[in-house]
Each structure stands twice: as structure tokens, then as C-alpha cells.
2 protein chains.
Amino acid sequence: MIKHSKQRDAIIARLSGRTDHPTAETLYQEVKKELPNISMGTVYRNLKQLASLDKILIVRSPFGPDRYDPIPNQHPHFFCTNCFAVLDLDVDKNKILATGQEGFKGEIQGCISSYHGLCPDCLEKLKIKN
Amino acid sequence: MIKHSKQRDAIIARLSGRTDHPTAETLYQEVKKELPNISMGTVYRNLKQLASLDKILIVRSPFGPDRYDPIPNQHPHFFCTNCFAVLDLDVDKNKILATGQEGFKGEIQGCISSYHGLCPDCLEKLKIKN
DNA sequence: TATGATAACAGTAATCGTTACTATTATCAG
DNA sequence: CTGATAATAGTAACGATTACTGTTATCATA
Ligand SMILES: [Mn+2]
Ligand SMILES: [Mn+2]
Ligand SMILES: [Zn+2]
Ligand SMILES: [Zn+2]
């Protein structure tokens, strides 16, 4: 049985609507302003619980700690190798899933596709420099 | 300047030709039989060096520690959620890359796509049971 | 509205995979 | 051979995450 908690509320409030895929540490620092003695454990525990209830998504980064996403269904991400921004990619996931299925004898239940390179901002800045 | 070492030789020898994507720990245990006082640090250091020289590939697993692959170029993998096997998927990577590029203003330099579910063996065993 | 069961908490210790340090040894160009 | 230094074994430290523990908050039931 799940009980209400203001700590969890604050975590959800901080995460929802965002598109920047913050880390647990970032969320912790931000929620701490509102609830000064919340602990890291509480942040991790709740993020994990929310993910297991499919309320949020944990996005594993190839370049650092996990990022958290208010959009609960799996979707492709782009990781900027320059500024470490994590962006949503508007990609047809089913297309990628289908590609994987070709000739595979097992049962594919999902796929996680991540792209990396320079984000639009970093690419633009680099172009101006040269 | 790179110097020869029998530890590195042994690590390469153990890894090359394999398709099971062993962990550093697995390679360490195996190489230890040949070189009883090799240390974990040596294994990690050499695997990292080999990867940076594009001799091998580090495969980040969503379900545990990194796996190591004698095939140096990035390619899609399948992770079995039941037996934790890591399999190579015969997928056109360029197709996936192209999918990501649609409408993205940045510069995509690469993509890592991983699939998960039941490997052929586990699916077969499950079918027999039911 | 009290009571009791227990989910959730804060604080802290522990874990895991990996990397860094340090003194010693092995390799190899000159 | 010899000196410079890459690589080593052993061990400490690291960052991210999870587990533990005693306390507090929530909430169904009476
Ligand atoms: Mn996202
Ligand atoms: Mn592979
Ligand atoms: Zn960027
Ligand atoms: Zn399997």
C-alpha cells in the first residue's frame, strides 16, 4: 500500500514538464531548497519507485550518471559530447524496433537507442568560431 | 610509446574470437589461471587502452557491468533479461543512424542501439515449459 | 478522533564497478 | 649495457547507487 509523502510530491513537481533530463543530484539540490533536510536516499528511492510504476523513465547515460525523464515511455535520446545535454529525438521508435527484429529468433521486448555528437547549440557555436 | 607486456597479450588472447561479450571480472578470472598474480587494475587498464586504440569495444550493459567485445566497431547488441547473455544483432546500423538524423539540427556522430528481451535459448526453454 | 500497522523518512554505512596512486619491475631505443 | 619510462601488482580512493536503522508520518479501521 502506497502512502502519500510531500518529499515524493516535491520530486515529481520538480521533474514534471522538464525536457532537460536532470540527474538525481540536480533534483536533490533543487528539492532541497523547498525541503531542506530531504536526503539523497529519499530522492533515489522515490525516483526508482516512480520508474517501477511507469510514472517516469530512467535514462542511462553513456557519459555519466543516470538522467531522469518525466516522459515514462521509452524513447530515443541524443547525448551531446560537448555540453553533455540530453535531448529528446523525434524518431519513430517502431522503425528501429522493426530493424532489430529482422532475422532474430528470440523475443525482442524493447530497444534503447541513443545517439551522440554535437547538439544544435554546440554545432552552431562551433560554426561561428570557424 | 607503447611497450609490450605479456599481461596485455594474455588479455587479448582470451578475448579475441569470442562472441559472448565477457565482463572484466570474467576475463580477469580466466587470465589469472595463466598469470596467477595479474591484478584487476591491469585488466581494466589494458582493456581501456585497447578500446582507445580501437582494438576492442566496450559494451555498456543496461543490466550490469561493462562487457568487452573483440569486434572494435560499434554494432547493436541484444541483452537477454533472463540469462543476461549479450548477443550480436545482425542489423543495418546505418539504417538506425539514418532514422535518428531525420529532422535533427545537430551533428550525429554515432549511435548505440541495444535491444532487450528473451534470447533464442531462453525463449525456446520457455516455450517447452508451456 | 484515537489507535495501531507500516510506508516513508533522514542519516549514515555499505556496495559495486571502476580508476588513481605508488613503489617496483620489465621493456626497449640508443 | 644502460638509462628512460611503460607497465606492473597491490592497494586506496572514487562516484553513483543501494541497504540499513531507528524515528516519523500517513492512513485504514474502530
Ligand atoms: Mn526524454
Ligand atoms: Mn558485439
Ligand atoms: Zn551541446
Ligand atoms: Zn537468455
Side-chain angles (χ1 to χ4, degrees), chain A residues 1-15 20-53 55-69 77 79 84 86 112 114, chain B residues 1-15 20-53 55-69 77 79 84 86 112 114:
Chain A
M1 184 254 208
I2 201 158
K3 284 182 185 171
H4 183 256
S5 99
K6 59 170 171 292
Q7 287 87 345
R8 184 161 47 237
D9 279 356
I11 292 165
I12 297 169
R14 277 288 159 188
L15 183 55
D20 64 341
H21 307 86
T23 61
E25 176 66 30
T26 301
L27 288 168
Y28 169 62
Q29 293 300 339
E30 293 184 10
V31 172
K32 217 162 70 162
K33 288 171 192 163
E34 184 182 345
L35 302 170
N37 45 6
I38 193 172
S39 75
M40 256 319 239
T42 299
V43 174
Y44 274 110
R45 182 166 8 87
N46 280 291
L47 288 171
K48 222 184 166 197
Q49 190 201 48
L50 290 165
S52 81
L53 296 170
K55 300 265 183 200
I56 67 166
L57 186 70
I58 300 177
V59 179
R60 313 214 61 191
S61 164
F63 306 108
D66 291 354
R67 316 289 289 247
Y68 295 86
D69 195 328
H77 289 99
F79 299 87
F84 301 106
V86 179
I112 301 168
S114 66
Chain B
M1 182 250 208
I2 201 158
K3 286 182 185 173
H4 183 255
S5 99
K6 59 170 170 293
Q7 288 86 346
R8 184 160 47 237
D9 280 357
I11 292 165
I12 297 168
R14 276 289 157 188
L15 183 56
D20 64 341
H21 308 84
T23 62
E25 176 65 31
T26 301
L27 288 168
Y28 170 63
Q29 293 301 340
E30 293 184 11
V31 171
K32 217 162 71 161
K33 288 171 192 164
E34 184 184 347
L35 302 170
N37 45 7
I38 193 171
S39 76
M40 255 320 237
T42 298
V43 174
Y44 273 111
R45 183 167 7 87
N46 280 291
L47 288 172
K48 223 184 166 197
Q49 190 200 48
L50 290 166
S52 78
L53 296 169
K55 301 263 183 202
I56 67 166
L57 186 71
I58 301 177
V59 179
R60 313 213 61 190
S61 164
F63 306 108
D66 291 354
R67 316 290 289 246
Y68 295 86
D69 194 328
H77 290 100
F79 299 87
F84 300 105
V86 179
I112 300 169
S114 66

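Letters A, B, ... mirror the listed sequences (proteins, then strands); counts begin at 1.
Remark: the backbone N or O of Pro62(A) is paired with a side-chain donor or acceptor of Arg60(B) at under 3.5 angstrom.
A nucleotide of DNA chain C counts as in contact with chain B when one of its atoms lies under 4.0 Å from a heavy atom; the first and last such, 5' to 3', are dG17(C) to dA29(C).
Rounded to whole Å, the distance from CD1 on Ile12(B) to P on dA7(D) is 12 Å. The interatomic distance linking Ile2(B) (CD1) with dA6(D) (P) rounds to 10 Å, in whole Å.
Listed by residue number, Asn37(B), Ile38(B), Ser39(B), Thr42(B), Arg45(B), Asn46(B), Gln49(B) are the residues of residues 31-53 of chain B with a heavy-atom contact under 4.0 Å to DNA chain D.
In this structure, the side chains of Gln49(B) and Ile11(B) stay at 4.5 Å or more apart for every pair of heavy atoms. Looking at Leu47(A) and Tyr28(A), their side chains never come closer than 4.5 Å, going by heavy atoms from C-beta outward. Residues Asp20(B) and Arg67(B) have side chains not in contact (no heavy-atom distance under 4.5 Å, counting atoms from C-beta outward).
Checking Thr26(B), Asp69(B), Asp66(B) one by one against His21(B), the side-chain hydrogen bond (donor to acceptor under 3.5 Å, both in side chains) holds for a single residue, Asp69(B). When each of Asn37(A), Val43(A), Ile12(A), Leu35(A) is tested with Gln7(A) by the rule side chain to side chain contact (heavy atoms under 4.5 Å, CB included), just one qualifies, namely Leu35(A).
Distance from the side chain of His4(A) is smallest for dT26(D) among the nucleotides dA7(D), dT26(D), dA28(D).
Using a 4.0 Å heavy-atom criterion, one finds that Glu25(A) contacts no nucleic acid atom at all.
Ranked by how close their nearest DNA chain C nucleotide is to the 5' end, Arg67(B) and Lys3(B) are led by Arg67(B). In terms of position along DNA chain D, the nucleotide closest to Arg60(A) lies nearer the 5' end than the nucleotide closest to the other residue of the pair Arg60(A) and Met1(A).
With sequence neighbours left out, the side chain to side chain donor-acceptor pair (under 3.5 Å) criterion links Ser114(B) to no other residue.
Atom-to-atom distance recorded for Lys55(B):NZ and Leu15(B):CG is 13.0 Å, nearest 0.5 angstrom.
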